[in-house]
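The next block holds one structure in the form of structure tokens; read it before the comments.
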Amino acid sequence: MQQRKQEKIGWIGGWLGGFIWVLILSIVFFVQGKAMQGGIGLLIVFMACAAIVMFSPWRHPQTLYRKLMMPVYVLFVAALVWALWSFENPETMGFNSWWSLLILLPALTPFWTVGKRRWDDGNSEHSKQ
């Protein structure tokens with residue numbers, strides 16, 4: 001378990017960091033008295049945490065990262081839809097049209113940068129050192 005500790009921290013910490021805004025927004029909704037929106041947000045956070053752990057690459061060493069990232073990205077898109085729905089007026093979030101969502105495209109870069117890797121690919125690199 002100690003091997004490649006930084007990569008494991010990066011996977012878990014990076015994904016959790018990507019969902020922290022959902023947790024914060026859920027708490028804000030609860031404070032505002034919007035229990036349903038807050039509850040759905042917490043459900044998304046819980047499901048994201050489960051997906052991050054269940055689809056971690058060291059649990060599926062032969063699977064492409066691209067396939068392992070897919071369930072987490074689906075939850076990320078669900079969180080965006082939830083946020084837009086929760087605000088009732090997307091313009092309050094700065095979305096004047098659906099073209100505004102193009103700013104989120106850089107969030108998809110891991111599909112191209114590490115998508116073709118497998119966890120086992122790194123095992124051979126570490127054994128050379």
Side-chain angles (χ1 to χ4, degrees):
M1 186 72 175
Q2 292 294 5
Q3 292 177 327
R4 300 172 67 180
K5 185 177 180 179
Q6 293 85 358
E7 289 178 77
K8 293 175 182 180
I9 291 170
W11 176 270
I12 294 170
W15 283 119
L16 288 178
F19 282 93
I20 194 73
W21 66 273
V22 180
L23 177 62
I24 293 168
L25 198 53
S26 297
I27 294 168
V28 168
F29 285 139
F30 275 119
V31 170
Q32 292 177 344
K34 297 179 180 179
M36 185 167 66
Q37 289 89 339
I40 292 171
L42 289 181
L43 180 64
I44 291 171
V45 170
F46 175 76
M47 290 180 358
C49 290
I52 291 165
V53 172
M54 286 176 21
F55 296 101
S56 57
W58 53 93
R59 291 180 181 258
H60 309 278
Q62 291 294 317
T63 306
L64 291 173
Y65 276 32
R66 185 175 293 137
K67 289 182 181 180
L68 296 173
M69 291 186 292
M70 190 62 69
V72 185
Y73 270 110
V74 167
L75 288 167
F76 183 68
V77 170
L80 291 173
V81 171
W82 162 79
L84 290 171
W85 168 77
S86 295
F87 276 107
E88 299 167 0
N89 182 3
E91 290 180 6
T92 61
M93 291 180 62
F95 294 116
N96 299 325
S97 72
W98 287 105
W99 289 102
S100 301
L101 292 174
L102 288 177
I103 197 166
L104 298 173
L105 281 179
L108 300 175
T109 57
F111 278 112
W112 292 276
T113 58
V114 296
K116 291 184 179 181
R117 281 194 64 206
R118 293 179 169 91
W119 183 258
D120 278 351
D121 296 343
N123 285 336
S124 61
E125 294 172 15
H126 283 81
S127 62
K128 293 177 187 176
Q129 295 176 356

Trace of the side chain to side chain contact (heavy atoms under 4.5 Å, CB included) decision for Phe55 with Lys67: CA-CA 9 Å; Phe55 296 101; Lys67 289 182 181 180; over 6 Å; no

Interatomic spacing from CD in Glu7 to CD1 in Ile12 - rounded to 0.5 Å: 12.0 Å

Residue that, paired with Trp82, satisfies ring-ring contact (aromatic ring centres under 6.0 Å, His included) out of Phe87, Phe19, Phe29: Phe29

Under 3.5 Å: donor-acceptor pair, side chain of His60, backbone of Met54: yes

Closest approach of Ala83 to Leu25 (non-hydrogen atoms, all atoms of both residues): CB-CD2, 4.2 Å

Cluster check Leu16, Val77: I/L/V/M/F/W/Y, side chain < 4.5 angstrom: no

Short side-chain to backbone donor-acceptor contact, Tyr73 and Arg66, under 3.5 Å: no

Verdict with supporting geometry, Leu68 and Ser56, side chain to side chain contact (heavy atoms under 4.5 Å, CB included): CA-CA 7 Å; Leu68 296 173; Ser56 57; over 6 Å; no

Same cluster (ILVMFWY, side-chain, under 4.5 Å), Leu23 and Val53: no

Pro57 vs Tyr65 side-chain heavy atoms within contact, under 4.5 Å: yes

Same apolar cluster: Trp119 and Ile9, side chain cutoff 4.5 Å: no

Cluster overlap Leu84 with Met36, hydrophobic side-chain contacts below 4.5 Å: yes

Donor-acceptor under 3.5 Å (Arg4 side chain, Trp58 main chain): no

Leu64 side chain reached by Arg118 side chain, heavy atoms, under 4.5 Å: yes

Ser86 vs Lys34 side-chain heavy atoms within contact, under 4.5 Å: no

ILVMFWY cluster, Val22 and Leu43 together (side-chain gap under 4.5 Å): yes

